[in-house]
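One structure below.
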Amino acid sequence: MDKILEQLNPEQREAAKTIKGPVLVLAGAGTGKTRVITYRIAYMLRHGIPPENILGMTFTNKAAREMKERLASLVSENDAAKVTLGTFHSFCARLLRKEIRIMGFTPNFTIADDSDQAGIIKQAQAELGLSKREEIPVERVLWFIGNAKDNLRTPRMAKNAADMDFDVLASAVYERYQQILENQNMLDFDDLLFFVYRMWNENPEILKKYQNIYKYILVDEYQDTNMVQFEMLRMLAGNAMNICAVGDDDQSIYGWRGAKVENIIRFPEHFPNTKLIKLEQNYRSTNKILGSANKIISCNPGRYEKSLWSNQGEGENLKVLQLRGEEEEAAFIADAISEVVSTQDIDYNDIAILYRSNHLSRLIEQSLRKSQIPYKLVGGQEFFKRKEIRDAAAYLKIIVNPKDDQSLLRILGVPSRGLGDKVVESLKVLQRSVFLSFTELLSEKAFLEKLSSKARDAASAFSNCINKYREIFSRPGDLYQNVNDYLLEVGYLNGLLKIYKDRKEAEKRQENVCEFINAIAQYEQRYQGKPYLFEFLESFALLDENDKTEEEENSGNAVILTTVHAAKGLEFPYVFIIGMEHNIFPHERSIKEGSTEEELRLFYVALTRAKNNLTITHSGSRMRYGTPSSQRPSVFLSYLPEENVDKIEQSQFFKPVDKKDLAEGFKNIFNILNEK
DNA sequence: GTACCCTTCGTTTTT
DNA sequence: CGAAGGGTAC
Ligand SMILES: Nc1ncnc2c1ncn2[C@@H]1O[C@H](COP(=O)(O)OP(=O)(O)OP(=O)(O)O)[C@@H](O)[C@H]1O
């Protein structure tokens, strides 16, 4: 038999072999769905399908990279490299670099981050002349616009559909917002998908072109696709419908950002003559863990029952511990890890610590550092949200996209260079009559004439520097060197010391910026050939830099700290779940909104990450907004099957109660008593 | 135009 | 408790 197919069970094999027509693999956790995708691609390549014709969609960029590596080990590296693998967002971004002119943008468009978005929304509301009373909070507008785009609504459609006052106002803001984005040659995250959808929808010949390229489509984590993503897939799959989706409705955990489980449930309706395949063998977890997870998910009403079994043995009971406070919890985790690593055949990188929300990692990190336990914090875009990093990125964006006024506003006064609010005001005024972007205006006579001689000199110097580096960066390569030179010459690197008066803080910020520049160097090394600056920025905007495959520090041997969301699709021999408390997991807000079913699925995902050992902790008290609050254990804990769980004290974790030891101990005590 | 002090406020989850 | 934004005093 085929070498590739040998490594699959009969059901998986069936899915891998069926390369024509729609295939849906609907199966529980750890049953080898991702493996089906990978091996199916390998099988297709072995059977002469050109790699260029294959498109694989993953949920994260990291998953795409790992799949590519796995693929390279199954087929030739060359073939693997030619398969298109990525997230919907990165796929769309790359596609738009080639095709976006038809949508009235130019290929050097930049991607708006959320601070850009917030700024534009404020500007839009100001331009509409909304008073403080009428203004809608930025987050609500953001939600409205994102929701509209996910559901294929343009500003005009949103306006037409608006009936309530709020919708009327919000869609007006949406319209302004979109106009501002267009003026600045910017797209937001959701636009990446929506633009491709509209482009294909309105230009059949372009759709046709891509249908002829991507003849075979595979999608991982299909339960977390949203409406645009589905519509894109439906269009691209066309009549041939060579599409294979894998997923698990019980692991749908992104409903809050528009993902639709119906997509996977109704796949057979959407794609007629679907071959539906179910996988029931779990290759990941012991039966104690799998049984507990099955029991948990069965507490949700109205789901499609799945039967799952495992031959990974019975395994050990789950351990549940209550700690007095959060410091104790953090200390316990560190102690437990030290113990486990020194007494069992377990490495740091076999261990993961999972939690509901990012801030819960803080104390754990401190505690691990104190115990000198190497760890790696995944996801958590804290680093990229730092002011100094975003400022540095804005300096680069302004080079790539001269129309990016948002970035210019961001960095014009950072560090202060004599160009403040007054200058910004006159830029805005002038823009109403002279239709140029802010960077262009900076070197316009009409603008410079309005300034004091001091401001004029500052503006000219600044704009000369930008123009000089725009020229330099118009060629690919030498990014590291050029970025360094540029940030130095434009006064940003040294300016940091002026901006942050506290010495220590300034140095820390400078360090961060250096790390950012190092990321550019790493990107350059990874890249085959010479990258353009815009390519790095795109990779940066798509958070590609966020989850690089483990190399670097710790030689890869480190405990993983991650949210449950970011752990989706991963597996670890030894898992800790922390902060298992009411109002944390399930989250307070989900309780208020009545969306605890998704929280329970999230808990299911957390449990099913573990292969052999699972320890769950909750704390009796926790600081909330700087004041201590007493915490109750999560209801979810009471759903666990009692026979699979040991509720233990801290001390018992370190001295497992062994019946023989116990008997021995009693004997000794009796002996001592008798002697006396 | 800039520096610093004061309030306010809020905390899911992420491509 | 911390970040971030607004307001006031140089
Ligand atoms: N046929 C098989 N033979 C041996 N091991 C397998 C087989 N199929 C899958 N596995 C192993 O089972 C584990 C889980 O596989 P995989 O990650 O593909 O499952 P999944 O269904 O995608 O999981 P999840 O639902 O959590 O994303 C992996 O370690 C994989 O190597």
Side-chain angles (χ1 to χ4, degrees), chain A residues 57-64 86-93 111-115 118 122 132 137-139 142 146 149-150 188-193 221 224-226 228-229 252-259 354-363 378-382 384-387 412-425 451-452 454-455 458 498-502 505 538-544 546-547 562-568 579 583-593 595-596 598-599 601-603 605-606 622-629:
Chain A
M57 296 296 199
T58 58
F59 195 72
T60 62
N61 291 299
K62 187 180 172 198
T87 60
F88 280 93
H89 293 270
S90 64
F91 170 72
C92 291
I111 299 167
D113 64 30
D114 40 345
S115 74
K122 280 182 197 146
K132 266 263 143 57
V138 169
E139 322 81 67
L142 224 44
K149 289 177 178 176
D150 279 355
D188 68 23
F189 246 75
D190 300 311
D191 281 334
L192 293 172
L193 308 184
E221 308 283 8
D224 284 319
T225 52
N226 64 20
V228 216
Q229 292 169 338
S252 145
I253 54 175
Y254 283 92
W256 53 273
R257 81 172 190 203
L354 310 184
Y355 35 83
R356 173 63 240 260
S357 9
N358 283 304
H359 71 267
L360 294 170
S361 73
R362 262 212 146 77
L363 282 172
V378 305
Q381 55 283 91
E382 205 158 322
F384 301 89
K385 283 221 163 110
R386 294 195 124 87
K387 192 177 176 309
L412 196 60
V414 183
S416 42
R417 41 169 75 86
L419 303 170
D421 293 350
K422 266 245 166 85
V423 176
V424 171
E425 201 44 49
L451 303 178
S452 66
K454 222 171 143 191
K498 268 193 289 177
I499 303 166
Y500 305 102
K501 57 145 207 176
D502 180 73
E505 186 188 356
E538 180 173 302
S539 152
F540 178 78
L542 297 175
L543 303 171
D544 206 352
N546 201 351
D547 49 22
T562 173
T563 62
V564 183
H565 280 93
K568 187 169 75 155
N583 283 343
I584 290 193
F585 200 168
H587 192 274
E588 182 170 26
R589 235 158 108 174
S590 76
I591 299 171
K592 285 205 188 95
E593 291 166 3
S595 55
T596 51
E598 184 156 304
E599 297 284 303
R601 289 196 292 273
L602 191 61
F603 187 41
V605 170
R622 201 174 283 281
M623 290 298 228
R624 286 173 91 83
Y625 307 136
T627 46
S629 105

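Chain A is the first sequence line, chain B the second, and so forth, proteins listed ahead of strands; every chain is numbered from 1.
A heavy-atom distance below 4.5 Å is found between the side chains of A/Leu192 and A/Leu542. Between A/Met57 and A/Glu221, the closest side-chain pair of non-hydrogen atoms is not below 4.5 Å.
For the OP1/OP2 pair of B/dT12 and a distance below 4.0 Å, the side-chain nitrogens and oxygens of A/Ser590 include no atom meeting the criterion. A close approach under 4.0 Å does not occur between any side-chain nitrogen or oxygen of A/Asn61 and OP1 or OP2 of B/dT15. In this structure, A/Asn226 does not reach the B/dT15 phosphate: none of its side-chain N or O atoms is under 4.0 Å from OP1 or OP2. Checking the phosphate oxygens (OP1, OP2) of B/dT13, no side-chain nitrogen or oxygen of A/Arg356 falls inside 4.0 Å.
With values rounded to the nearest 0.5 angstrom, A/Glu598 atom CD is found 7.5 Å from A/Ile253 atom CD1. Atom CG of A/Asp224 sits about 8.5 Å away from atom NE2 of A/His565, to the nearest 0.5 Å. Distance OG1/A/Thr87 to CG/A/Leu193: 8.5 Å, rounded to 0.5 Å.
In this entry the distance linking NZ of A/Lys592 with C1' of B/dT12 reads 12 Å, nearest Å. Atom pair A/Leu192:CG and B/dT15:P shows a separation of 14 Å (rounding to whole Å applied). Spacing between atom CD of A/Glu598 and atom P of B/dT14 amounts to 13 Å, rounded to whole angstrom units. With rounding to whole Å, A/Asp224 atom CG is found 11 Å from B/dT13 atom C1'. Atom CG of A/Leu360 is separated from atom P of B/dT13 by 9 Å (rounded to the nearest Å). Rounded to whole angstrom, the span from the CZ atom of A/Arg386 across to the P atom of C/dA3 amounts to 9 Å. Straight-line distance from the CD atom of A/Glu139 to the P atom of B/dT13: 15 Å, rounded to whole Å. Taking atom CD of residue A/Glu588 and atom P of nucleotide B/dG10, one finds them 12 Å apart after rounding to whole Å.
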Between the protein and nucleotides 2-5 of chain B, list the N/O to N/O atom pairs that are separated by less than 3.5 angstrom.
residue	atom	partner	partner atom	Å
B/dT2	OP1	A/Gly418	N	3.1

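Across B/dT12 and C/dG5, the matching C1' atoms stand 23 Å from one another, rounded to whole Å.
Stacking between A/Trp256 and B/dT13 is shown: the ring centroid lies under 5.5 Å from the centre of the six-membered base ring, and the planes differ by under 30°. Per the stacking criterion (ring centres < 5.5 Å, plane angle < 30°), A/His587 stacks onto the base of B/dT12.
Map A/Lys385 and A/His359 each onto its nearest nucleotide of DNA chain B; the residue landing nearer the 5' end is A/His359.
Residue-level contact check: A/Asn358 touches the backbone only, with heavy atoms under 4.0 Å from sugar-phosphate atoms and none from bases. Nucleic acid contact for A/Phe88: none, since no nucleic acid atom lies under 4.0 Å from a heavy atom of the residue. Contacts of A/Glu593 with the nucleic acid, taken as non-hydrogen atoms under 4.0 Å apart, include base atoms. Residue contacts for A/Phe585: at a heavy-atom cut-off of 4.0 Å it reaches no nucleic acid atom on any strand shown.
Looking at A/Thr58, its side chain does come within 3.5 Å of a backbone N or O of A/Thr60 through a donor-acceptor pair. With hydrogens and angles disregarded, a donor-acceptor distance shorter than 3.5 Å links the side chain of A/Gln229 to the backbone of A/Asn226.
A/Phe585 and A/Tyr355 have their aromatic ring centers separated by at least 6.0 angstrom.
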